[in-house]
Undergrad: 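Have a look at this one before I ask anything.
Nothing fancy with the numbering, it's 1 onward along the sequence. Everything numeric in this text was worked out from a predicted model, so none of it was measured.
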Amino acid sequence: QVRLVESGGDLVQPGGSLRLSCAASGRTFKINSMGWYRQPPGKQRELVAEISSGGSTTYQDSVKGRFSISRDNAKNTVALQMNSLKPEDTAVYYCGADIDLTWYSGTSRYWGQGTQVTVSS
């Protein structure tokens, strides 16, 4: 059984920084893209940043230059460094990963349980 476990959410003042981490555990054949998504209060879940197994990255326009995504393929982890945080970054942040459980199983999307990030003075 694959699990994604996030950590690092907190209450932070505007302009502050946070680092979110996500670790995938369980038996996997291949972890393809990994990413961070967020769901602001009353809104739908949206992509924040994504990173391929080869290291290519994609960012939501509103976080470019402020957030940085990285991954450690040996440890099956992905991190999101968030700087210059704004109140509009307040949301539940979810880790997501596209994983092949076996060489013949195809790819499925897995989600973590979410971690709360609140940016407020």
Undergrad: Quick one: which residue pairs count as a salt bridge (charged side-chain N to carboxylate O under 4.0 Å, His left out) with a foot in residues 11-33, not counting sequence neighbours?
TA: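 Matches after skipping sequence neighbours: none remain.
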Undergrad: Would Arg3 count as a cation-pi partner of Tyr110, with NZ or CZ less than 6.0 Å from the six-membered ring centre and within 45° of the ring normal?
TA: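 No cation-pi geometry.
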Undergrad: Going by heavy atoms in the side chains, are Thr115 and Val92 under 4.5 Å from each other?
TA: no
Undergrad: Which pairs count as salt bridge (charged side-chain N to carboxylate O under 4.0 Å, His left out) when at least one residue sits in residues 82-101, sequence neighbours excluded?
TA: Arg38-Asp89, Arg66-Asp89, Asp98-Arg109
Undergrad: Can you pull the disulfide bond (SG atoms under 2.5 Å apart) pairs that have at least one residue in residues 24-79, sequence neighbours excluded?
TA: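 Found none.
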Undergrad: Would Tyr37 and Trp111 count as a close aromatic pair, with their ring centres under 6.0 Å?
TA: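 They qualify: ring centres under 6.0 Å apart.
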Undergrad: I'd like to check Val48 versus Tyr59 (side-chain heavy atoms, cut-off strictly below 4.5 Å). Are they in contact?
TA: no
Undergrad: Assess whether side-chain contact (heavy atoms from CB on, under 4.5 Å) is satisfied between Ile99 and Thr107, documenting all intermediate values.
TA: CA-CA 5 Å; Ile99 299 174; Thr107 302; 6.0 Å; no
Undergrad: Can you check whether Leu101's main-chain N or O pairs, donor with acceptor, with Ser105's side chain at less than 3.5 Å?
TA: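 Yes; at least one donor-acceptor contact below 3.5 Å.
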Undergrad: May I have the step-by-step check of side-chain contact (heavy atoms from CB on, under 4.5 Å) for Asn76 and Met34, ending in yes or no?
TA: CA-CA 9 Å; Asn76 291 341; Met34 302 184 80; 5.7 Å; no
Undergrad: Write down the atom of Ser121, the atom of Pro14, and the distance for their closest heavy-atom approach.
TA: N-CD, 3.7 Å
Undergrad: Quick test of your reading: applying disulfide bond (SG atoms under 2.5 Å apart), list the pairs with at least one residue in residues 4-98, sequence neighbours left out, ordered by first then second residue.
TA: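 Applying disulfide bond (SG atoms under 2.5 Å apart) to every pair that reaches into residues 4-98, excluding sequence neighbours, yields Cys22-Cys95.
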Undergrad: What do the steps show when you test Phe67 against Leu80 for side-chain contact (heavy atoms from CB on, under 4.5 Å), and what is the final call?
TA: CA-CA 7 Å; Phe67 291 10; Leu80 185 68; 4.2 Å; yes
Undergrad: Measure the CG-OG distance between Leu85 and Ser120 for me, rounded to the nearest 0.5 Å.
TA: 12.0 Å
Undergrad: Under 4.5 Å between side-chain heavy atoms, counting indirect links through other Ile/Leu/Val/Met/Phe/Trp/Tyr residues: same cluster for Tyr94 and Ile31 or not?
TA: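 Not linked; separate clusters.
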Undergrad: Atom OG1 of Thr77 and atom CG of Leu4: how far apart are they, to the nearest 0.5 Å?
TA: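 Answer for the OG1-CG pair, Thr77 versus Leu4, is 11.5 Å.
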Undergrad: Counting C-beta onward and ignoring hydrogens, is there a side-chain heavy-atom pair between Leu18 and Met82 closer than 4.5 Å?
TA: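 A side-chain contact exists here, since the closest heavy-atom pair is under 4.5 Å.
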Undergrad: Does Tyr104 sit in a hydrophobic cluster with other residues, and if so which ones, taking ILVMFWY side chains as linked at heavy-atom separations under 4.5 Å, directly or through other members?
TA: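 Direct or chained contacts put Tyr104 with Phe29, Trp103.
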Undergrad: Rounded to the nearest 0.5 Å, what separates atom CH2 in Trp36 from atom CD1 in Ile69?
TA: 8.0 Å
Undergrad: Quick test of your reading: applying side chain to side chain donor-acceptor pair (under 3.5 Å), list the pairs with at least one residue in residues 9-18, sequence neighbours left out, ordered by first then second residue.
TA: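 Counting only pairs at least two positions apart or across chains, the side chain to side chain donor-acceptor pair (under 3.5 Å) contacts touching residues 9-18 are Ser17-Asn83.
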Undergrad: Kindly indicate, with the supporting measurements, whether the criterion side-chain contact (heavy atoms from CB on, under 4.5 Å) is fulfilled by Val12 and Thr118.
TA: CA-CA 6 Å; Val12 62; Thr118 302; over 6 Å; no
Undergrad: Would you call Thr28 and Val2 a side-chain contact if the rule is heavy atoms closer than 4.5 Å?
TA: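 Result yes, sub-4.5 Å side-chain heavy-atom pair found.
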Undergrad: Quick check for you: to the nearest 0.5 Å, what is the distance between Ile51 atom CD1 and Ser33 atom OG?
TA: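 Going from the CD1 atom of Ile51 to the OG atom of Ser33 covers 10.0 Å.
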Undergrad: Is a donor on one side and an acceptor on the other found under 3.5 Å between the side chain of Gln39 and the backbone of Lys43?
TA: yes
Undergrad: Under the 3.5 angstrom rule, does the side chain of Glu6 hit a backbone N or O of Gly114 as a donor-acceptor pair?
TA: yes
